[in-house]
4 protein chains.
Amino acid sequence: MSRRLTPRGAERRRALLDTAARHFATDGYHPTSVAAIVDDLGVGKGVFYWYFDSKDDCYRQILVDAQRSLRAVQRDAVADEHDPARRIDAGIRASMHWLADNRHLFALLEQARTDERFAPLVRRGEQQMVADTLPHIRAGIAAGLLRREDPELLAVAILGVTDALARAVVLQAGDGPDAGAAADRAAEAAISFCRRGLLVDEADPRSERTPA
Amino acid sequence: MSRRLTPRGAERRRALLDTAARHFATDGYHPTSVAAIVDDLGVGKGVFYWYFDSKDDCYRQILVDAQRSLRAVQRDAVADEHDPARRIDAGIRASMHWLADNRHLFALLEQARTDERFAPLVRRGEQQMVADTLPHIRAGIAAGLLRREDPELLAVAILGVTDALARAVVLQAGDGPDAGAAADRAAEAAISFCRRGLLVDEADPRSERTPA
Amino acid sequence: MSRRLTPRGAERRRALLDTAARHFATDGYHPTSVAAIVDDLGVGKGVFYWYFDSKDDCYRQILVDAQRSLRAVQRDAVADEHDPARRIDAGIRASMHWLADNRHLFALLEQARTDERFAPLVRRGEQQMVADTLPHIRAGIAAGLLRREDPELLAVAILGVTDALARAVVLQAGDGPDAGAAADRAAEAAISFCRRGLLVDEADPRSERTPA
Amino acid sequence: MSRRLTPRGAERRRALLDTAARHFATDGYHPTSVAAIVDDLGVGKGVFYWYFDSKDDCYRQILVDAQRSLRAVQRDAVADEHDPARRIDAGIRASMHWLADNRHLFALLEQARTDERFAPLVRRGEQQMVADTLPHIRAGIAAGLLRREDPELLAVAILGVTDALARAVVLQAGDGPDAGAAADRAAEAAISFCRRGLLVDEADPRSERTPA
DNA sequence: CATGAATGAGGCTTCATTCAT
DNA sequence: GATGAATGAAGCCTCATTCAT
C-alpha cells in the first residue's frame, strides 16, 4: 500500500489518520468501526480502503507515526545538553510535553501496548527509547555522576515514572488552559524523583528540590 | 445477579471467572468471545449467563477480585513493618510478587486501564493504592526520613516504577523456573530506584545498592 | 395434564394462571418469559411445568377460562329478560362490565385474536357469542321489533360496537374510582347506537337518547 | 436512517417493506425473524440493517405507511360528497375496500394495536381517523340529520362496526374471485347498521335498507 | 477516485424446556 | 413436589471488507 499519492491524496491520508487516531484513542480499536471514521470525515468507505489495506494497517501506521514523532522530539531535546544527567532530564521534559500535547496518541500507545496484536510493535518502540537512554546513563555512570546500577533497569524505571506521572497529572488536567502548567509540574516531579528518589540525603539535610 | 449459590454453583462461578480471566488476559476483551470461554470449560452458553449478567459484568468482577486480592497482599506485607520507608519497600516487594504470581491478572489490569469502559473501575483501584501508600509517605516525611515532596506524586511515581519494572522483568521472564528470582530482581531494582533515584549520593560516594 | 390436584395444588395453579395472565396481557405472549412469571410468584421453574405442559398450554387455559367466564356472565344477564331487544341490551351491558372488571383479560383476548397461533381458539369463542346472540335477534325480527337484516351480520356489528366502545372508554379510564361509571357510559352508548343507529328518526323528531 | 437512496435503493427498500409486512401479518412480530425476511428476498442480512435501524423500526414504518394509505383513500372518497351522512357512508365504503385490498395490512394493524410496543402508534392513527370523522358527524347533527349524541362515541362506534364486519366478512372470504363482492356486502351491512341500528322504525314500518 | 450498496460470518444474549438432587 | 442449574438453538444486530456503477 505504498501508493504514490498526489498532494490531495496525501492530505486525505493525513486526515484519515488523524480522525482514526482520535476515534481509536477514545473508543479503542474494536469499538471503533471503519464506518464511524469515514462518516466523521464525511467520505465513503471506499476512501478508507484506498489508503489503507485494512483497519489493522491503519492502526499500525498511526502507532508508527506517533512513536516516530515522540522519538524525534526527544532527540531534539537531548541534542543541546552535554551533561549526561541533564540529557536525561531534558528527555523526560520533552516526553512529558509531547504526551501532554498529544494526549490521544499517548492514550493510543498505552492501549496498543496491552493488545496482543499490537504489543510487539509498541514494545519495539519502547525498547528503542530505552536504547536511546542507555548511552546517557552509561556516560553518567562512567563520569561518576550516576549510581552504578543495571543501566537497562534504570532506563525502564525512568520511563515508568514519566509514564505514571503523565497519566496522573497530564491526562487528568485535560486540555484546559493550564495544561501546559500541568505538564511542567509533572515533568519536574518526574525529574526530581528520578534524580534523588525518596530518601532524604542524610549528608545534606537542607536538600530541597533541585531545579532541573 | 447476586444469586444465592450452592457450593457446586460457587465452584462453577469460580471456574468461569478463572477461565474467562485467562482468555481475556491473552486475547483482550473484544476478541474473547463468550463462546470461547464456555467451550473451553465444556459447558453450554447459558451457564455463563446464569452466573453473570453479561460479558461486561464478568470482566468487571474479575477486575474487582484482582484488585481486592492485590490490595490484601499489600496490606499483609505492610502490617509487620514499623519503619515508614520499610513499609514502602515491603509494599513494592509484595506487589511485585503478586504481579509475578498472577501475570494474567496483571496483564488484565493494564489492559482494562486503557479501555474507556473499564478505566474508571481500574482507576478507582489505583487511587486506593495511592491512598494506601500516602500515610507511609507522610509519616516518613514527618520523621525526616523522606524528602519533602508532594506525597501524592511520590506515590504515583512509586507505583509507576513498580509497574514498569514488573512489565519489563517479570512479564519477560514468563513463568519459567527463575520466575521467582526475576520477581526478586525486579523488586530490589524498584526499591533501590525509589529510595535513592539515579544520582550518586555525593556525600557518601561509597553508596552501593542497599539490600532492602 | 389433567392432573388430580390437591387443594393446595389447585390454589397454586390458580395463582399461576392469574400471574401469567397479567404478564401476558401487559407484555404479550412472546415477551413474557416463563422465568418472569415464576419469579413474580417467587417459585421455581419446575412449578410451572408441573401444572402446565408448556407456555403455550398455559396461555390457552387462560383464554378458555376467560371466555367461559364472560359467556357465563352474559347468560346470567340475559336470563331475566323476556323482550328480545332488552336481552340484547342486557348482554351488551353485562359484557361491558365484565370487560371493565377484567381489563387484563380483555386485552389478552384482543391480543390472542391477532395471533396466528391462538386465533382459532378465540374465534371459536366469538362465534359462540355470535351464536348466543342469534336467537334473540331472530326472535326480535319475528316479533317485528328488529329490522329484517342478516342476523349474523347484525350480531357481528353489535359485538363490534361493544368492543370498540369498551376499548375507547373502558380501557382509557383505567381502574380509577370512576371505572364503573365509565363502563356504564360505554354500555349505554353502545346500546343506544345499536338500537337506533346514527340517523334521526324522522317520524319522531323529538327523539333523544333512549335509556336502554 | 433517513438515508439518501438511489432509485435502486428505494426499490429495495420497498421490496423489504412489502416482504416484511407479509411475514409480520402472517406470523406476528416476534415469530417473524429478520432472517426469514431477507432469505425470502434472497439477500444478505446486512441489507435489512442498511435500510432499517432495527426490526422494530421496520415494523413501525410499515404501520405508518399503512395508516397513511388508508387515510388517503378515506379522504379521497369523502371529497366528492356534500351530504354529511353520505360522507360517512363513503368513508365506510372506502375503508372496507381498502381493508379488503390490503388484508395483510389490516391484520397487521389489528395485531399492532394489541402490542404494548406499537399500540401508541396505532392508537394515534385511530384517533386521527376518529378526528377525521367528527366534522361530518357534527355537521350532520347541526343539520338535524343525525342524532344528538356524543360525536366522539358515535365515531368510535362507526369504526368498530366497520372493523368487526371487515373481520367477519372480508377476512373470511379470503382473496377468491368474490372478494370484491364480499367487501361490498360488508360495506353495505355496516352502512345500514350505522344508519338505522337494530330497531324497526316504527313510524315507517315499510322501512327497508336505504341504498347509501 | 468515490460512493452507495451488499455480504455473511460471527458476536452477545434470551429463553423454553429438562433434570439431578 | 420443588429448586437451582444447565442446555443449546435461535434471534437480533454489527462490521470489516468488497464491488458495481
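All chains are named by letter (A, B, ...) in the order of the sequence lines, taking the proteins before the strands, and each is independently numbered beginning at 1.
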| Toward the 5' end of DNA chain E, by each residue's nearest nucleotide, Gly42(D) or Arg8(B) |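 Final value for this comparison: Gly42(D).
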| said: dC1(E), OP1 or OP2 - any side-chain N/O from Tyr51(A) closer than 4.0 Å? | reply: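 No, no such contact exists.
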Between protein and nucleotides 11-15 of chain F, what N or O pairs are separated by less than 3.5 Å?
{"from": "dC12(F)", "atom 1": "OP1", "to": "Thr32(D)", "atom 2": "O", "distance (Å)": "3.4"}
{"from": "dC12(F)", "atom 1": "OP1", "to": "Lys55(D)", "atom 2": "NZ", "distance (Å)": "2.4"}
{"from": "dC12(F)", "atom 1": "OP2", "to": "Val34(D)", "atom 2": "N", "distance (Å)": "3.0"}
{"from": "dC13(F)", "atom 1": "OP2", "to": "Tyr49(D)", "atom 2": "OH", "distance (Å)": "2.6"}
{"from": "dC13(F)", "atom 1": "OP2", "to": "Lys55(D)", "atom 2": "N", "distance (Å)": "3.0"}
{"from": "dC13(F)", "atom 1": "O5'", "to": "Tyr49(D)", "atom 2": "OH", "distance (Å)": "3.4"}
{"from": "dC13(F)", "atom 1": "N4", "to": "Lys45(D)", "atom 2": "NZ", "distance (Å)": "3.2"}

| said: If I take atom SG from residue Cys58(B) and atom OH from residue Tyr49(B), how far apart are they, to the nearest 0.5 angstrom? | reply: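 Going from the SG atom of Cys58(B) to the OH atom of Tyr49(B) covers 9.5 Å.
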| query | Does the pair Arg68(D)/Asp65(D) count as a salt bridge with the N-to-O cut at 4.0 Å? | reply |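 Between Asp65(D) and Arg68(D) there is a salt bridge, with a charged N closer than 4.0 Å to a carboxylate O.
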| field | Pair Arg14(D) + Glu11(D): basic N to acidic O under 4.0 Å | value | no
| field | Pair Gln61(C)-Arg13(C), side-chain donor/acceptor within less than 3.5 Å | value |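 The criterion, which ignores hydrogens and geometry beyond distance, is satisfied for Arg13(C) and Gln61(C).
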| Residue among Thr26(C), Asp18(C), Thr19(C) satisfying side-chain hydrogen bond (donor to acceptor under 3.5 Å, both in side chains) with Arg22(C) |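 Only one option passes, and that is Asp18(C).
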Using side-chain heavy atoms (C-beta onward) and a distance below 4.5 Å, is [X] in contact with [Y]?
X         : Y         : answer
Phe52(B)  : Leu17(B)  : yes
Val122(B) : Glu110(B) : no
Gln67(C)  : Arg124(C) : no

| query | What is the ring orientation for Tyr59(B) with Phe24(B), classed by angle as parallel under 30°, tilted 30 to 60°, or perpendicular over 60°? | reply |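 Taking Phe24(B) first and then Tyr59(B), their aromatic rings stand perpendicular (interplane angle over 60°).
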| query | Within the structure shown, what part of the strands sits under 4.0 Å from Arg12(A) by heavy-atom distance: base, sugar-phosphate, or nothing? | reply |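 Sugar-phosphate contact only - Arg12(A) comes under 4.0 Å of backbone atoms but never of a base.
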Mind calculating the distance between [atom1] ([X]) and [atom2] ([N]) to the nearest angstrom?
X        : N       : atom1 : atom2 : result
Asp39(D) : dA10(F) : CG    : P     : 13 Å
Phe52(A) : dA2(E)  : CZ    : P     : 13 Å
Asp57(B) : dC12(E) : CG    : P     : 14 Å
Asp27(B) : dG11(E) : CG    : C1'   : 15 Å
Trp50(B) : dG8(F)  : CH2   : C1'   : 16 Å

| request: Can you tell me which stems DNA chain F forms, taking runs of 3 or more consecutive Watson-Crick or G-U pairs with both distances under 3.5 Å? | output: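 DNA chain F stems, ordered by first number: E:2-21 with F:2-21.
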